[in-house]
Amino acid sequence: MKAGNRLITVPEQDRTLQVQVPASTKLAIHIRSAETGDPMRVLVLRALAAYGFPVPKEAITDRRKPQ
């Protein structure tokens, strides 16, 4: 992130983000999650990364599965 000409660094910790989406969008994400076996969190982070938001690669993992 930038504030003026300064680069703002944020510690890489998970933070909660709640967002309301249309029911059809949530259902589509849920269905894709069931089809791929990826958690909804992973799907959303991949989409944000594809849109150009900074998402650390290590964050786009299924935390339920052993590494």
Side-chain angles (χ1 to χ4, degrees):
M1 285 189 274
K2 287 190 175 186
N5 290 336
R6 299 184 323 262
L7 182 63
I8 299 173
T9 58
V10 179
E12 293 300 331
Q13 299 175 350
D14 285 349
R15 303 282 190 221
T16 300
L17 171 67
Q18 292 184 1
V19 59
Q20 290 185 329
V21 297
S24 59
T25 302
K26 184 175 179 188
L27 178 61
I29 295 170
H30 187 75
I31 290 170
R32 178 74 55 91
S33 175
E35 291 172 347
T36 64
D38 293 325
M40 293 173 62
R41 174 184 182 272
V42 168
L43 296 176
V44 170
L45 288 175
R46 283 186 189 145
L48 288 169
Y51 200 76
F53 285 94
V55 180
K57 288 186 180 196
E58 60 273 6
I60 305 177
T61 59
D62 185 348
R63 297 182 296 182
R64 301 173 303 175
K65 296 179 183 174
Q67 301 298 319

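One-based numbering along the sequence shown.
- Remark: Arg46 engages Asp38, Val42, Leu43, Ile60 in a side chain to side chain contact (heavy atoms under 4.5 Å, CB included) (not counting sequence neighbours).
- By the side chain to side chain contact (heavy atoms under 4.5 Å, CB included) test, Ser24 pairs with Pro22, sequence neighbours left out.
- Residues forming a side chain to side chain contact (heavy atoms under 4.5 Å, CB included) with Tyr51 (at least two apart in sequence, or on another chain): Phe53.
- Side-chain contacts under 4.5 Å among hydrophobic residues (ILVMFWY), followed directly or transitively, place Leu27 together with Ile31.
- In plain terms, the two heavy atoms of Arg41 and Ala59 that are nearest each other are NH1-O, 3.0 Å.
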